[in-house]
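Structure record follows, encoded as structure tokens.
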Amino acid sequence: MALLGHAFDFQDYFPSMLEGLGAQGFMLELCNGFRLLMDCDKGLITFESLKRNMVLLGLQEMRDDELVCMLMEADLDGDGAISQMEFCILMFRLSPGLMDGSKQWVEELSANEM
């Protein structure tokens with residue numbers, strides 16, 4: 001897989017995480033990932049918070065224009081930052097395994113909320 005000219009191996013661990021943690025546990029882990037990358041004052045992932053945390057993702061060599069592209073990919077409301085919901089939607093979209101099993105996943109999450 002390539003991300004803006006950077007080649008890397010991609011291993012989709014989300015399906016096995018979902019299986020092991022269950023739908024609610026998996027959602028909690030996604031939220032933890034969001035909090036790790038967000039600007040604590042704004043409650044959003046901003047360009048600055050993403051740039052500051054690239055080392056955690058092993059992507060410290062990404063250029064600023066590449067980070068802007070990452071933000072734009074997830075920024076559904078056009079405010080220039082990534083909300084927790086936008087982050088979760090992006091993570092879901094980027095996981096082929098989750099996309100394949102999305103109906104079952106949504107049903108399990110809905111059943112747990114009732």
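Worth saying up front: this structure is predicted, and the values here are computed from it rather than measured. Any value given below was found using the heavy atoms of this structure, including those in side chains, with hydrogens, waters and symmetry copies removed.
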Tell me the closest heavy-atom pair linking Glu86 and Asp77, and the distance in Å. OE2-N, 3.0 Å
Could you work out, with side chain to side chain donor-acceptor pair (under 3.5 Å) as the rule, every residue matching Arg52, not counting sequence neighbours? none
Heavy-atom distance under 4.5 Å between the side chains of Val68 and Asp64, does that happen here? no
Under a side-chain separation threshold of 4.5 Å, the hydrophobic residues clustered together with Ile89 are Leu76, Met85
Side chain to side chain contact (heavy atoms under 4.5 Å, CB included), paired with Ser49, selected from Asp39, Ile82, Leu37: Asp39
Tell me whether Leu57 is reachable from Leu90 by hopping between hydrophobic residues (I, L, V, M, F, W, Y) whose side-chain heavy atoms are closer than 4.5 Å. yes
Report whether Met70 and Met38 are members of the same hydrophobic cluster (ILVMFWY, side-chain heavy atoms less than 4.5 Å apart, transitive linking). yes
Quick one: side chain to side chain donor-acceptor pair (under 3.5 Å) partners of Lys42, sequence neighbours excluded? none
Answer yes or no: is there an ion pair linking Glu48 with Lys51, defined by an N-O contact shorter than 4.0 Å? no
Rounded to the nearest 0.5 Å, what separation is found between the CD atom of Glu29 and the SG atom of Cys88? 11.5 Å
Joint hydrophobic cluster, Leu36 plus Met54, side-chain heavy atoms closer than 4.5 Å: no
Hydrophobic cluster identity match, Leu30 and Leu56, side-chain contacts under 4.5 Å: no
Atom CG in Leu18, atom CZ in Phe26: separation rounded to 0.5 Å? 6.0 Å
Minimum heavy-atom distance between Gln84 and Cys31, given as atom pair plus value: NE2-SG, 3.1 Å
Measure the CG-CG distance between Leu44 and Leu71 for me, rounded to the nearest 0.5 Å. 10.5 Å
Joint hydrophobic cluster, Ile45 plus Leu59, side-chain heavy atoms closer than 4.5 Å: yes
When every non-hydrogen atom of Glu66 is compared with those of Arg63, the smallest separation belongs to OE1-N, 2.7 Å
